[in-house]
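The structure appears right after this line, and notes come after that.
All heavy atoms count here, side chains included; hydrogens, waters and symmetry mates do not. This one's a predicted model, so the numbers in the text were calculated from it and none came from an experiment. Numbering of ligands and ligand atoms starts at 1, following listing order.
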Amino acid sequence: MDSYDIGLGNNDSTIRALANQDNVKFWESQAENLFWSERWHRALEWNPPFARWFVGGKTNASYNALDVAVKKNPHKKAILWEGEDGSNRTLTYQDLLFKVAKLANALKKLGVKKGDRVTIYLPMVPELIISLLACARIGAIHTVIFSGFSAQSIRDRVIDSKSSVIITADGGRRRGTIIQLKNVVDDAIEGLDFIQSVIVLEHTGNQITYNAKDKKWNEFVDSMEPLCNAEMLDSSHPLYILYTSGTTGKPKGVLHGTGGYLTHVFATFKWIFDIRDSDVYFCTADIGWVTGHSYVVYGPLMHGATQVMYEGALDYDTPARIWEIISRYRVTILYTTPTALRMFMKSGDKFPNSNNLTSLRLLGTVGEPINPQVWKWYFKTIGKEKCPIVDTWWQTETGAAMISPLPGIETIRLKPGSAARPVPGICISVVDDDGKQVPKDSKGYLVVENPWPGMLLTLWGNDEKYKTVYWSKYKHMYYAGDYAMQDKDGYVWMLGRADDVLKVAGHRLGTAEIESGFVSHKTVAEAAVCGVPHEVKGESIIAFVVLKDGITPTQQLKKDLVTHIRKTIGPIASPDQLFFVKKLPKTRSGKIMRRLLKAITQDEKINDVSTLEDEASVDEIKSALADLQHTLGRS
Ligand code: ATP
Ligand code: MG
């Protein structure tokens with residue numbers, strides 16, 4: 001198997017040693033790196049399944065993200081923002097702090113108090129970061145909704161969180177058009193009396209109508225005092241509610257606290273990204289997802305880092321856009337997703353190759369298992385075999401990374417397709433249905449054995465669901481819902497969602513194994529597989545394959561791909577049916593939604609598609625299946 005030893009000159013073995021000795025003491029030592037106005041008296045209160053970290057301690061997320069950096073160097077650049085239309089802005093830590101204080105004062109003026117919820121529905125502009133931090137400054141709970149969501153999705157979430165204020169903009173930019181955010185909000189909140197005010201940022205100059213509840217950011221917020229003390233809050237004071245991506249079903253309202261969450265984010269940001277004063281960090285995630293919360297907002301800012309923030313599509317108006325951004329700002333650290341990488345790969349090497357990527361020193365990925373072939377492309381074509389790749393496994397619920405290579409503290413052996421080992425202080429296991437640890441190199445369910453600082457507090461307003469979803473399959477272990485394997489070196493291989501596991505002739509197969517088999521063929525850009533009931537085998541495999549640009553779909557290629565799977569994975573993984581499609585159904589966060597494929601292939605009702613990105617992909621698959629049924633004479 002391929003592996004690559006690569007280091008960045010860091011070697012601190014004391015971190016793992018301390019974590020192995022005493023997990024809780026270890027996290028206490030990490031919490032010391034934050035600012036606390038009062039020290040905690042108890043590191044962990046664990047009333048399973050509810051954990052409270054650093055009890056009695058008082059702190060504030062916005063103070064840690066801004067005031068700390070401003071005290072060190074107010075002129076340090078915090079955000080290098082670029083819009084899709086080419087416009088740009090630079091904000092220093094001091095600029096951010098003033099703007100956050102103004103908005104915090106505005107929220108107070110609107111009657112927002114500690115513990116109240118504020119919904120944020122903004123494009124990727126600096127004001128989005130400012131909004132989160134303004135809420136945090138006064139102890140309001142922010143709840144960000146990705147700016148691609150529809151009115152109904154916003155309405156459901158706003159009703160669930162009972163937000164009193166919404167922050168939005170006159171529009172956002174994507175693929176050359178303006179997204180009508182304000183109109184969507186108007187529709188979403190019609191008749192909802194508990195919403196008192198809507199703050200509207202003028203960003204695109206798009207014509208909109210202002211209603212009685214509306215306040216213009218540029219007038220109302222900008223007229224406020226630029227000073228506002230950060231309110232020191234209990235360590236477990238809720239910082240935010242964030243709804244999960246909805247890959248497996250209806251999104252869940254994950255509630256995170258303050259001190260534990262920040263400790264986990266702070267430590268992992270350093271260990272994973274090896275952040276240095278001179279770095280220019282670029283995370284392509286939207287703040288509408290947890291990656292944006294932890295590793296665009298809180299992680300980088302708590303470390304006083306400089307980062308690029310981009311509003312728009314990464315391949316607009318040229319497939320080279322992302323590489324141009326990296327070259328323009330001399331980006332040193334890039335953190336993106338397998339789905340984005342597959343898209344870049346699909347359009348060909350000439351785009352990265354014609355840009356100067358020499359500033360890059362570290363690459364990262366998150367969100368889905370990364371296919372080994374895609375990993376290698378990232379390593380060679382983008383990183384020129386010099387940059388470690390951090391494949392970070394974590395979830396909205398875990399708050400911060402749980403499994404990842406850590407070039408910030410150790411020299412590492414990277415294995416393409418593995419997220420490497422659990423981070424210090426995190427106890428991961430792979431178990432069978434009875435909760436028994438499976439032998440090395442065997443497949444099973446990923447669990448977390450001990451509470452960890454970034455762990456969710458609960459699901460908003462629904463402790464029972466929290467218990468059922470995460471703590472009912474196993475009594476004292478957190479059930480992550482992912483299928484995995486740990487090898488002899490302790491490296492974890494994520495094999496796909498537990499719900500999507502295929503059982504063919506008594507063998508369990510993770511979707512990621514088979515899909516990566518397809519992606520390792522030179523003609524394939526991406527693939528999704530799902531199982532359908534089969535009389536003899538239990539389940540048979542249906543594959544949906546997207547080809548790289550310029551490749552013609554032929555019957556011969558279908559045969560070649562099946563042969564390729566039989567050779568690389570084994571006859572057991574051979575699909576009974578294979579379809580070429582142009583697109584796969586994905587969530588708005590870019591993840592393949594296999595539950596939809598399964599529902600379509602089994603002719604089931606498709607439940608909750610609110611998080612689906614593009615309905616056309618579903619129609620395409622439906623029509624491919626209809627064609628097949630027609631050919632088989634079944635319709
Ligand atoms: P929902 O819980 O609503 O179905 P979701 O699980 O997609 O949505 P997120 O919390 O955004 O919502 O995603 C976490 C999931 O993403 C993980 O459980 C895992 O399946 C997948 N994932 C994230 N990072 C990785 C990674 N590095 N390797 C493999 N899978 C990953
Ligand atoms: Mg999930």
Side-chain angles (χ1 to χ4, degrees), residues 144 146 149 153 156-157 241-256 268 272 285-295 335-341 363-372 374-375 378 389-405 414-423 428 430 445-448 454-456 459 465-466 469-470 478-485 491-501 510-513 515-516 585-596 607-613:
V144 180
F146 172 60
F149 275 127
S153 305
D156 293 346
R157 288 163 176 74
I241 304 168
L242 181 62
Y243 294 87
T244 55
S245 300
T247 312
T248 54
K250 200 170 177 303
K252 304 169 276 283
V254 170
L255 184 71
H256 277 293
T268 49
I272 295 171
D286 194 284
I287 295 172
W289 314 117
V290 74
T291 305
H293 281 60
S294 300
Y295 299 119
Y335 190 30
T336 189
T337 61
T339 201
L341 291 168
L363 305 172
T365 160
V366 63
E368 285 184 294
I370 182 163
N371 322 96
V374 177
W375 193 103
Y378 199 18
I389 295 183
V390 290
D391 175 359
T392 61
W393 177 85
W394 58 296
Q395 310 177 299
T396 310
E397 295 88 338
T398 70
M402 304 289 276
I403 308 175
S404 174
L414 298 168
K415 302 185 191 183
S418 167
R421 296 188 290 157
V423 309
I428 296 276
V430 179
Y445 305 104
L446 190 80
V447 294
V448 189
M455 183 173 128
L456 69 168
L459 291 178
K465 187 167 180 191
Y466 166 69
V469 176
Y470 310 105
Y478 169 87
Y479 174 66
D482 280 336
Y483 200 52
M485 188 178 81
Y491 277 51
V492 183
W493 298 79
M494 303 307 303
L495 303 174
R497 309 274 174 160
D499 295 354
D500 296 331
V501 167
T511 50
E513 307 172 69
E515 291 166 5
S516 287
K586 291 192 183 164
T587 60
R588 282 160 212 268
S589 58
K591 300 172 193 226
I592 299 172
M593 247 185 186
R594 292 173 201 80
R595 70 179 163 96
L596 273 191
N607 291 314
D608 196 56
V609 288
S610 62
T611 63
L612 182 69
E613 188 200 35

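With ring centers used as reference points, Tyr470 lies under 6.0 Å from Tyr478.
Residues Thr337 and Thr365 form no side-chain contact, since every pair of their non-hydrogen atoms from C-beta on lies 4.5 Å or further apart. Leu459 has its side chain within reach of Val254: a pair of non-hydrogen atoms, C-beta onward, lies under 4.5 Å apart.
In plain terms, the two heavy atoms of Pro422 and Val492 that are nearest each other are CD-CG2, 4.5 Å.
The side-chain contact (heavy atoms from CB on, under 4.5 Å) test applied to Asp500 returns Arg497, Thr511, Arg594, not counting sequence neighbours.
Between the side chains of Tyr378 and Thr336, no donor-acceptor pair of N or O atoms lies under 3.5 Å.
Closer than 4.0 angstrom to ligand 1 lie heavy atoms from Thr244, Ser245, Gly246, Thr247, Thr248, Lys252, Val366, Gly367, Glu368, Pro369, Asp391, Thr392, Trp393, Trp394, Gln395, Thr396, Glu397, Asp482, Met494, Arg497, Lys591.
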